[in-house]
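Positions are given from 1, in the same order as the sequence printed here. In what follows, every heavy atom counts, from backbone to side chain, and hydrogens, waters and symmetry copies are set aside. Note that the structure is predicted; figures quoted are calculated from it, not measured.
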Amino acid sequence: MSDKPQKIGQEAAAARPAKRGAKRDQHGWRETLRAYGRSHKVSLNDSVGRLWAQPISTLLTWLVMGIALSLPMGMGLLLDSLEKLGGSWQRAAQISVFLELRLPEAESQALSLRIADMAHVADVELISREQALAEFQLQSGLGEALKELPENPLPALIVVTPKEVERAGLEALLSELQGLPGVAQAQLDLAWVERLAAMLSLGQRFVFGIALLLIAGLLLVVGNTIRLAIEGRRQEIEVIKLVGGTDGYVRRPFLYIGVLYGFGAGLIAWVLLAFGLSWLNDAVVRLAGLYQSDFALIGVPVEEGLLLMLGSVMLGYCGAWLAVGRHLRELEAQVQ
């Protein structure tokens, strides 16, 4: 039989007097702190050694967790990219304000400035009658026929971009614009705005639901992995408990294993997202170029990557804590 349980038990027994001693000199707290640090160092080294001794199993666990973490974050980044398609998705809710046909150009410019000063307006663009006719000639292919008209039949146009895309607010802004002097008609495709908002909301809910399911799956993966590690060290745990080792002392190496699993999985997920989005972005850029667009996918910001790493480590820690706590309760029940 291996002497590992006895060695662990001796370490735990030796640590107890330092923690429970009634008489301490003025430097006792320093010794306690050093002993606590040495205990953590031993637990960390032991955890690293056990993972290093099983490289294939450790790598597979990292890959499973990393892929599961990269899926919801990757979909979230794709949604962010789609929202920024063409600049800002609020531009899909632009209001077209047609001015009166005989309105002088100076009054058109003054009206444009007045609209720009409104609280719920983000941007305005004034298109004069001449610009509107030139664009219509170019897009319709009727340039020669339109030149034969006695006068320009198109009015000036103000394109209004609202700050917020919300039905009640857009309807109020539309009504306000319609009532301005010099405005012949104001138009807004509310159905398109609602469809776009509904699609984005659906995508966000889908990503949130997938993230919750994958997080639950990751907790199960970590918990099952830690459970197997506990079963392999049951004798050591029993010896430690018999000599008075605390639950914290027993739990510590398994928590480090969970943290290491989380750290490795987060790093793999970050790498997968970076290379995956870069690989996909090449095709997206080529496709967007065919439509004279400079659209490109958003990469993985450093802040998002660090949050991914932190979340992954916390998942590993929580999964290990839950697994060890349950098995410690089962062990105590068997002893009693």
Side-chain angles (χ1 to χ4, degrees), residues 33 36-37 39-52 54-55 57-84 203-230 247-281 297-326:
L33 186 60
Y36 189 72
S39 177
H40 274 272
K41 183 179 179 180
V42 170
S43 297
L44 177 59
N45 291 336
D46 181 69
S47 301
V48 173
R50 290 179 182 275
L51 294 183
W52 183 261
Q54 300 176 337
S57 175
T58 301
L59 180 60
L60 290 177
T61 304
W62 279 345
L63 286 174
V64 169
M65 295 177 64
I67 293 172
L69 284 170
S70 64
L71 287 176
M73 186 171 182
M75 289 187 290
L77 291 174
L78 288 176
L79 274 180
D80 291 340
S81 297
L82 291 176
E83 288 182 0
K84 295 175 175 61
Q204 292 170 352
R205 291 194 178 193
F206 178 77
V207 171
F208 181 73
I210 291 295
L212 288 181
L213 291 176
L214 291 176
I215 287 174
L218 289 175
L219 288 175
L220 293 176
V221 169
V222 175
N224 186 65
T225 305
I226 297 300
R227 181 185 65 82
L228 295 176
I230 293 173
D247 288 347
Y249 185 86
V250 174
R251 183 184 288 113
R252 192 174 300 140
F254 299 107
L255 294 181
Y256 274 118
I257 290 178
V259 168
L260 292 172
Y261 276 134
F263 181 83
L267 189 60
I268 288 178
W270 195 346
V271 172
L272 287 176
L273 283 172
F275 280 97
L277 291 175
S278 177
W279 173 73
L280 186 61
N281 190 51
L297 294 178
I298 300 174
V300 184
V302 176
E303 297 81 2
E304 297 289 337
L306 293 177
L307 286 176
L308 173 64
M309 294 288 296
L310 179 60
S312 178
V313 169
M314 291 303 298
L315 279 175
Y317 181 88
C318 292
W321 181 280
L322 294 174
V324 177
R326 185 171 69 86

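- Scanning both residues, G305 and M73, for their nearest heavy atoms gives N-CE, 4.3 Å.
- With sequence neighbours left out, V271 forms a side chain to side chain contact (heavy atoms under 4.5 Å, CB included) with F275.
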Run L69 and W270 through side chain to side chain contact (heavy atoms under 4.5 Å, CB included) and show every step you take. CA-CA 9 Å; L69 284 170; W270 195 346; over 6 Å; no
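- Across all their heavy atoms, Y317 and V259 have their closest contact at CD1-CG2, 3.8 Å.
- Of all heavy-atom pairs spanning I268 and G66, the tightest one is CG2-CA, 4.3 Å.
- Looking only at distances, a side-chain donor or acceptor of N45 sits under 3.5 Å from a matching main-chain atom of K41.
- Judged by distance alone, the side chain of S312 and the main-chain N or O of G262 form a donor-acceptor pair under 3.5 Å.
- Atom CG of residue L213 and atom CZ of residue F208 lie 10.5 Å apart, to the nearest 0.5 angstrom.
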Residue pair I230, I226: steps toward the side chain to side chain contact (heavy atoms under 4.5 Å, CB included) verdict: CA-CA 6 Å; I230 293 173; I226 297 300; 3.9 Å; yes
Would you please test V222 and L315 for side chain to side chain contact (heavy atoms under 4.5 Å, CB included) and show each step? CA-CA 8 Å; V222 175; L315 279 175; over 6 Å; no
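- Here the closest heavy-atom approach between residue R251 and residue G325 is recorded as NH2-CA, 4.3 Å.
- Separation of atoms CG (L273) and CD (E304) is listed at 10.5 Å; rounding is to 0.5 Å.
- Atoms CG and CD, on L59 and Q54 in that order, are 13.0 Å from each other to the nearest 0.5 Å.
- Listed for the S278 side chain is no donor-acceptor partner under 3.5 Å among the backbone atoms of A274.
- Scanning both residues, Y256 and S43, for their nearest heavy atoms gives CD1-CB, 3.9 Å.
- Considering every non-hydrogen atom in both L51 and I257, the closest pair reads CD2-CG2, 4.2 Å.
- In this structure, S47 contributes its side chain and P253 its backbone to a donor-acceptor pair below 3.5 Å.
- Between atom CG of residue L214 and atom CG of residue L71 there is a gap of 6.0 Å, rounded to the nearest 0.5 Å.
- For the atom pair OG1 (T225) and CZ (F254), the distance works out to 12.5 Å, reported to the nearest 0.5 Å.
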Report the C-alpha separation of N224 and R227 in whole Å, then their side-chain angles, then the decisive distance to 0.1 Å, and conclude whether the side chain to side chain contact (heavy atoms under 4.5 Å, CB included) test is met. CA-CA 5 Å; N224 186 65; R227 181 185 65 82; 3.1 Å; yes
